[in-house]
**Q** 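Before anything else, here's the structure in question.
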Amino acid sequence: MLEEVFFMNKVNTIFFDIDGTIYDADNNRIPPMALKALQEIQKKGIKIFLATGRSLPAVLESKLDKDILWDGYVCSNGACLHDQTKKLIHGSFFSEYQLNQLFTLIKQYDMGLSIQSPDIVYSPFGINQDMIEAFEFFNNPVPQPKPYENEQIAMALAFQKKGFDFKVLETIENIITVEGKSNYADVMQKGVTKATGIRTIRHLLGLDDGLIMSFGDADNDLEMIKNADIGIAMGNATDAVKEIADHITTAIDDDGIYNALKYYTLI
């Protein structure tokens, strides 16, 4: 018991996925018990971060910073890292060649596309029904249509009918895809994940010495759950996430965040 308490007291950073983990899209809020838990662990000096496939503008659009002062943001699945002031402190972006190839395949396979820079999320080829369906799944607004104008792009989302094999996009050099819970896939740079983003932001902010706890529910959380000292799967997580987690808590709408932090005696 003493060893367990000593171990838990060494946790200095906790990373939370957004959709399906810390954010209740049905009610557009952080669940009340989760908010209470976040406030309690912050009082103990533990740093808390969001680790998400969203860009920072999309995070702010959902007002996730309304009641919590986050210590930093791992955005675009680890490609863009922002400090507490929301300043970009690290970025990893697609090459011009990768973007050209991506745009070609999106048109060839009649997919929808949204792309993320550190400052804006938009749809370079307009809006289609597949995109509307995917964003309705998370109760989020569809990104604005806008032509690509040579912005630095950190990540993309591709949209098609359910059952479509998004692996066709992996024919682009150093590009990987991770299918989401709806009819879309995250399109990312190979070797850039939430886990690599977490390691980098902790190093940049001088937090290397403590232990990492991570919470997630979807397959784009696999790397950060697997590489955390303590990886927590939500009760509503995919089977793949549950299989590699150190602990499975209850679902987001059943006080999953609060219950896990209570289980590990952090609150």
**Q** Judged by atom type as modelled, is there a donor-acceptor pair below 3.5 Å linking the side chain of Gln98 to the main-chain atoms of Ile172?
**A**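 No; judged by distance alone, with no hydrogens or angles, the pair does not exist.
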**Q** State whether a side-chain donor-acceptor pair under 3.5 Å links Asp219 with Thr238.
**A**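 Result is yes, a qualifying pair exists.
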**Q** Any donor-acceptor pair under 3.5 Å linking the side chain of Ser182 with the backbone of Tyr184?
**A**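 Such a contact is absent between Ser182 side chain and Tyr184 backbone.
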**Q** Determine whether more than 12 heavy atoms belonging to other residues, nucleotides or ligands lie under 6.0 Å from atom NZ of Lys36.
**A**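 No, the 6.0 Å shell around NZ holds no more than 12 heavy atoms from other groups.
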**Q** Working to the nearest 0.5 angstrom, can you tell me the gap between Asp209 CG and Arg202 CZ?
**A**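 Here the interatomic distance stands at 8.5 Å.
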**Q** Hey, what's the ring geometry for Tyr264 with His247, parallel, tilted or perpendicular (30° and 60° as the breaks)?
**A**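 Geometry flag for His247 against Tyr264: perpendicular rings.
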**Q** Are any non-hydrogen side-chain atoms of Ile252 and Asp217 less than 4.5 angstrom apart?
**A**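 SC-SC contact between Ile252 and Asp217 ruled out.
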**Q** Any chance the side chains of Asp83 and Tyr73 put a donor and an acceptor closer than 3.5 Å?
**A**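 No, Tyr73 and Asp83 have no side-chain donor paired with an acceptor closer than 3.5 Å.
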**Q** Less than 4.5 Å apart, any side-chain heavy atom of Phe49 and any of Thr13?
**A**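 Yes, side chains in contact.
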**Q** Any chance you could measure Phe215, atom CZ, to Ile230, atom CD1, to the nearest 0.5 Å?
**A**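 Interatomic distance, Phe215 CZ to Ile230 CD1, rounded to 0.5 Å: 9.0 Å.
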**Q** Would you say Cys80 and Phe93 make side-chain contact, with heavy atoms under 4.5 Å?
**A**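 Counting from C-beta outward, Cys80 and Phe93 do come under 4.5 Å.
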**Q** Taking atom types as modelled, find out whether Tyr97 and Glu173 have a side-chain donor-acceptor pair closer than 3.5 angstrom.
**A**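 No, because no side-chain N or O of Tyr97 sits under 3.5 Å from a partner of the opposite role on Glu173.
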**Q** Would you say the side-chain atoms of Thr200 pair up with the backbone N or O of Thr196, donor to acceptor, closer than 3.5 Å?
**A**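 The answer is yes, because a donor-acceptor pair under 3.5 Å joins these two groups.
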**Q** For Phe103 and Tyr148, take the angle between the two ring planes, folded into 0 to 90°, and tell me which bin it lands in: parallel under 30, tilted 30 to 60, perpendicular over 60.
**A**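 Ring orientation, 0 to 90° scale: perpendicular.
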**Q** Keeping Asn259 on the side-chain end and Asp254 on the backbone end, is there a donor-acceptor pair under 3.5 Å?
**A**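 Side chain of Asn259 to backbone of Asp254, a donor-acceptor pair under 3.5 Å: yes, one is there.
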**Q** Short question: side chain of Lys194, backbone of Ala51 - any donor-acceptor pair under 3.5 Å?
**A**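 Here the side-chain-to-backbone pair exists.
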**Q** If we ignore angles and hydrogens, is there a donor and acceptor under 3.5 Å between the side chains of Ser117 and Asp119?
**A**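 Judged by distance alone, the side chains do not pair up.
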